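Worth saying up front: this structure is predicted, and the values here are computed from it rather than measured. Position 1 is the first residue of the sequence; numbering continues from there.
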Amino acid sequence: MKIEIIQPVGYCSGVSNAISKAIAIKKSNPNKPIYILGSLVHNSHVIDSLESIGIVNLTDQSTSLEEKIKALEKGSIIVFTAHGHDEKVDEIAKKKEMIVYDCICPKVKANMSTIKEKISSGYDVIFVGIENHPETVASLSISKNIHLFDAKSNKFNDFIEKNPIFVTNQTTLNFKELESIFKEIKEKYPNAIFNNEICPATRIRQENIIKISDDVDAIFVVGDKNSSNTKRLYEISLSSNKKASTYLVSSESDITLDMIANKQYALITSGTSTPLEVINSIYSKLEKLSK
């Protein structure tokens, strides 16, 4: 069986910077616990690796960022994730005299800055995102004049009477679905200003998975099942490649012989928070099983 890896794979720059920064923080504070308020990035392999060097990811989704901070001791070292956060928790951290680091993705940070600028200029903002995703939660927290268009349910329950309106989005959405959503919003608000903020690293992987040749009969999307950009990549492959079997896998242990039975040509792609070593181990497992 022919096996190829579609480039690019592995970390995007935002993920790579977040991980490097977290490790550097630990090296600067070797004898102190480092608390990440959530999952630094959405990949269990990365979280396990960070945990092994004493970086604690507070991943319990039943508690808010505020509750997580309040539960920590005064003066703790805390790290905000790559997805952004509600800035009101900064004040809580300040009162508790915590040492604060922020690993927000530059792309997410820039988008949030644009939202703030538009709000201060009198705009209402429609944010297209997945409800309860950390990036969406962080963006909506900026102002009460930000309205969610839920990309998962395709629902928008608000009605905005005044203009101007600015429309932007979570950076890890399906670019084809976003085009459709933007079209729908434009029909309702023809004078709205649109700002497509899908991360380039996410978009190029989505575009690449659409362009594959017809002789491919197995596609392995490698990444965490909690990763938004990985799930969008998987969904796009399912809808675009009807002749191929598409699998979402997080490690080599997910690969079975049945997946490649009678297959001649397999491709591997990945979400932007997937370690290269995981991708390479899956390649090796497929190579071994195909012999």
Side-chain angles (χ1 to χ4, degrees), residues 3-23 36 38-53 55 57 59 79 81-84 103-108 130 133-135 170-175 198-212 216 218-238 240-241 244-256 259-260 266-289:
I3 307 167
E4 288 185 351
I5 297 174
I6 308 175
Q7 298 296 332
V9 290
Y11 299 149
C12 65
S13 60
V15 168
S16 182
N17 289 339
I19 295 170
S20 297
K21 188 171 182 178
I23 293 171
I36 295 178
S39 298
L40 181 68
V41 298
H42 287 149
N43 188 278
S44 59
H45 298 285
V46 175
I47 301 308
D48 290 345
S49 178
L50 295 173
E51 296 274 358
S52 72
I53 60 173
I55 300 176
N57 288 259
T59 57
V79 179
T81 74
H83 313 98
C103 288
I104 186 172
C105 168
K107 181 70 174 175
V108 174
I130 297 172
H133 185 278
E135 182 182 344
Q170 182 183 322
T171 59
T172 54
L173 297 181
N174 178 329
F175 84 95
I198 289 183
C199 160
T202 295
R203 182 170 184 129
I204 193 171
R205 295 174 201 225
Q206 293 180 359
E207 291 175 339
N208 285 346
I209 205 68
I210 292 174
K211 297 174 183 176
I212 67 171
V216 173
I219 302 166
F220 293 87
V221 180
V222 187
D224 200 284
K225 292 176 175 63
N226 290 321
S227 164
S228 175
N229 76 86
T230 300
K231 288 190 286 188
R232 302 295 83 76
L233 191 58
Y234 172 68
E235 291 166 0
I236 289 173
S237 184
L238 280 176
S240 302
N241 303 298
S245 299
T246 297
Y247 305 101
L248 175 57
V249 295
S250 59
S251 69
E252 65 174 277
S253 62
D254 293 332
I255 305 294
T256 65
M259 291 177 175
I260 59 170
L267 291 180
I268 300 171
T269 184
S270 85
T272 59
S273 55
T274 307
L276 280 174
E277 55 265 29
V278 174
I279 297 162
N280 290 333
S281 70
I282 286 174
Y283 181 93
S284 297
K285 178 74 174 284
L286 288 172
E287 198 173 42
K288 181 178 178 181
L289 289 175

Side-chain heavy atoms of S228 within contact of I130, under 4.5 Å: yes
side-chain hydrogen bond (donor to acceptor under 3.5 Å, both in side chains) partners of S251, counting only residues at least two apart: S253
Identify the heavy atoms of L40 and A22 that sit nearest to each other, and give their distance. CD2-CB, 3.8 Å
Is I268 close to E4 at the side-chain level, that is, under 4.5 Å between some pair of heavy atoms? no
Gap separating the SG atom of C199 from the CG atom of L173, nearest 0.5 angstrom: 11.5 Å
Quiz question: by atom type and distance under 3.5 Å, do the side chains of N17 and S13 form a donor-acceptor pair? no
For T202 and N229, test the side chains for any donor-to-acceptor distance below 3.5 angstrom and give the result as yes or no. no
When you measure from the side chain of N241 to the backbone of I209, do you find a donor-acceptor pair of N or O atoms at a distance under 3.5 Å? yes
Within the distance-only criterion (no hydrogens, no angle test), does the side chain of E235 pair as donor or acceptor with the backbone N or O of N174 below 3.5 angstrom? no
Can you run down the salt bridge (charged side-chain N to carboxylate O under 4.0 Å, His left out) pairs that involve residues 200-209, sequence neighbours left out, and say none if there aren't any? E179-R203, R203-E207
Let's go through N57 and S39 carefully: what are the C-alpha distance in whole Å and the side-chain angles of both, what is the deciding distance for side-chain hydrogen bond (donor to acceptor under 3.5 Å, both in side chains) to 0.1 Å, and is it a yes or a no? CA-CA 6 Å; N57 288 259; S39 298; 5.4 Å; no
Which heavy atom of L248 sits nearest a heavy atom of T230, and at what distance? CD1-CG2, 3.4 Å
Salt bridge (charged side-chain N to carboxylate O under 4.0 Å, His left out): which pairs involve residues 276-287, sequence neighbours left out? none
All heavy atoms of N43 vs all of T274, minimum pair found to be ND2-CA, 3.8 Å
Flag side-chain contact, heavy atom, 4.5 Å: I260 against F220: yes
Give a yes or no answer on whether the side chain of S270 reaches the backbone of G10 with a donor-acceptor pair at less than 3.5 Å. yes
Student check: side-chain heavy atoms of D254 and Y247 closer than 4.5 Å: no
Modelled atom types, side-chain donor and acceptor of E135 and T172, under 3.5 Å: no
So, the side chain of H83 versus the backbone of V108: is there a donor-acceptor pair under 3.5 Å, distance only? no
Inter-residue atom distance S237.OG - I212.CD1, 0.5 Å rounding: 5.5 Å
Y283 side-chain N/O to I5 backbone N/O, donor-acceptor pair under 3.5 Å: no
Are the side chains of N208 and T269 in touch, meaning some heavy atoms are under 4.5 Å apart? no
